[in-house]
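What follows is a set of notes on a single structure, which appears directly below.
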Amino acid sequence: MVATEDLRRTGVFALRTLAVAACYYAAGRLGLLRPLVVEGAMFTPIWPPTGVAVACLLIFGLRVWPGITLGVLLVVLHITSLRPDVLGNLVGSTAAPVCACLMLRRVGFRTDLSRLRDGVALVFLGALTAMLVSATVGVWMLRLADRVDADDFWEVWLAWWVGDAMGVLIVTPLLLLLHRARRPLPVARWKEAAVLTVVACAVVPLATRHASGLLFLAFPLLIWAALRFQLVGSMLCALFTSVMATVAATQEVGPFARLTRIEIMIKLQAFNGTMALTALLLSAVITEQRNTRRSVEQACQELVEVVEHLTAGDTPRLAPPGDTGPARHEPGREQREAERTQREPEEIWRKPEES
């Protein structure tokens with residue numbers, strides 16, 4: 001019986017590891033569809049595998065880190081051959097999500113992202129801080145292999161770091177929310193979601209491809225999505241906008257026309273980062289305020305029930321924690337209340353006579 005249980009656990013661990021590796025590899029292939037070249041080094045403005053890795057570690061635990069390493073190896077082999085500097089990339093790309101998971105757990109991060117502190121922790125610890133590891137190790141491996149000049153080190157490092165951080169900012173929240181999704185939206189909300197989708201499909205391509213620089217038109221849609229659909233709507237809107245902006249940047253059209261590679265990278269990453277930060281933090285604030293309002297409404301409802309009991313002359317006993325049954329009353333309390341009620345009129349009429 002014990003051997004069967006151990007075999008089952010081993011099988012579950014192997015399946016999860018392979019599933020994580022497959023998801024990482026699939027996300028890597030998607031990220032490589034629109035690469036940019038900075039000083040001879042290829043990078044992606046949004047690197048989705050980092051977001052997949054952080055989400056898998058937060059959901060399944062640190063035990064699935066071999067799946068991340070295997071996924072990194074598959075992506076690297078798809079790009080180039082196996083070389084000594086690739087081993088450094090394996091270590092850095094695995095260590096960065098692990099560091100992100102450890103730091104987020106340290107500060108009490110909640111995967112439902114229902115508090116502002118959760119959004120802030122994901123931004124500054126999970127994305128901006130932890131991804132320093134992968135960028136630094138990766139670019140140093142390229143430098144040691146003489147594939148990046150010393151003068152171009154910081155440009156390549158910045159592009160690598162921002163791409164990994166963007167993957168965490170955009171992909172990780174979506175995967176965490178999809179993992180916790182339990183019920184569909186009401187029909188009325190689906191109609192509003194359809195309208196928002198149609199408007200976004202019309203406005204976002206215009207904003208990202210028009211030569212007049214209309215990127216700001218995406219922010220009202222982002223605010224609409226955050227107010228009405230919280231984190232899911234805002235992050236989907238941010239993801240769609242960032243993808244369209246990346247496509248326009250790689251094609252060098254619209255706001256990215258007639259710019260150098262470095263200027264394209266800076267402008268694109270600034271826009272994508274602003275979209276992701278706005279979506280994540282604004283949605284976290286709205287969700288936290290709504291949860292606070294529900295708590296206040298529930299407390300007010302309980303207070304109204306207590307006042308109604310007191311008005312009826314029925315003092316409720318506070319139930320102990322976990323006891324949801326009706327409050328018990330003292331024996332004979334109803335009879336004493338009835339006698340007191342009958343005596344009150346007589347006392348009222350006697351007072352004038354005595355005076």
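All values below come from the heavy atoms of this structure, side chains included, with hydrogens, waters and symmetry mates left out. Not measured: the values here are computed from a predicted model.
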[X] vs [Y] side-chain heavy atoms within contact, under 4.5 Å:
| X | Y | result |
| --- | --- | --- |
| T287 | N291 | yes |
| L32 | H78 | yes |
| L222 | T241 | no |
| I223 | T278 | no |
| H179 | T111 | no |

With no hydrogens and no angle check, is any side-chain donor or acceptor of [X] less than 3.5 Å from a backbone partner on [Y]?
| X | Y | answer |
| --- | --- | --- |
| W161 | L128 | yes |
| T129 | F124 | yes |
| T136 | V133 | no |
| R117 | V107 | yes |
| K267 | L259 | no |

Member of L239, L113, V232 meeting the side-chain contact (heavy atoms from CB on, under 4.5 Å) criterion with P173: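 The passing option is L113.
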Quiz: residues 163-172 side-chain donor-acceptor pairs under 3.5 angstrom, not counting sequence neighbours:
residue, atom, partner, partner atom, Å
D164, OD2, S134, OG, 2.7
D164, OD2, W160, NE1, 3.1
T172, OG1, G51, O, 2.9
T172, OG1, V168, O, 3.3

For [X] and [Y], which heavy atoms make the closest approach, and how far apart are they?
| X | Y | answer |
| --- | --- | --- |
| A27 | V52 | CB-CG2, 3.8 Å |
| L104 | A121 | CD2-O, 3.5 Å |
| L215 | P255 | CG-CG, 3.9 Å |
| L227 | Q230 | O-NE2, 3.3 Å |
| I264 | A249 | CG2-CB, 3.8 Å |
| E155 | I262 | CG-CD1, 4.1 Å |

Nearest-0.5 Å distance that lies between atom [atom1] in [X] and atom [atom2] in [Y]:
| X | Y | atom1 | atom2 | value |
| --- | --- | --- | --- | --- |
| W157 | L142 | CH2 | CG | 14.5 Å |
| Y24 | T94 | OH | OG1 | 7.0 Å |
| N272 | L277 | CG | CG | 11.0 Å |
| L268 | E263 | CG | CD | 13.5 Å |
| T208 | F256 | OG1 | CZ | 8.0 Å |
| S114 | L231 | OG | CG | 10.5 Å |

Residues in ring-ring contact (aromatic ring centres under 6.0 Å, His included) contact with F153, at least two apart in sequence or another chain: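 Result, ring-ring contact (aromatic ring centres under 6.0 Å, His included) vs F153: W140.
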Heavy-atom neighbours of R63 CZ exceed 12 at 6.0 Å: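 For R63, atom CZ is not crowded (no more than 12 foreign heavy atoms under 6.0 Å).
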CH2/W65: more than 12 non-hydrogen atoms of other groups inside 6.0 Å: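 Counting other residues, nucleotides and ligands, CH2 of W65 stays at 12 neighbours or fewer.
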Test log, rule side-chain hydrogen bond (donor to acceptor under 3.5 Å, both in side chains), inputs W224 and E192: CA-CA 10 Å; W224 178 8; E192 184 179 359; 3.2 Å; yes
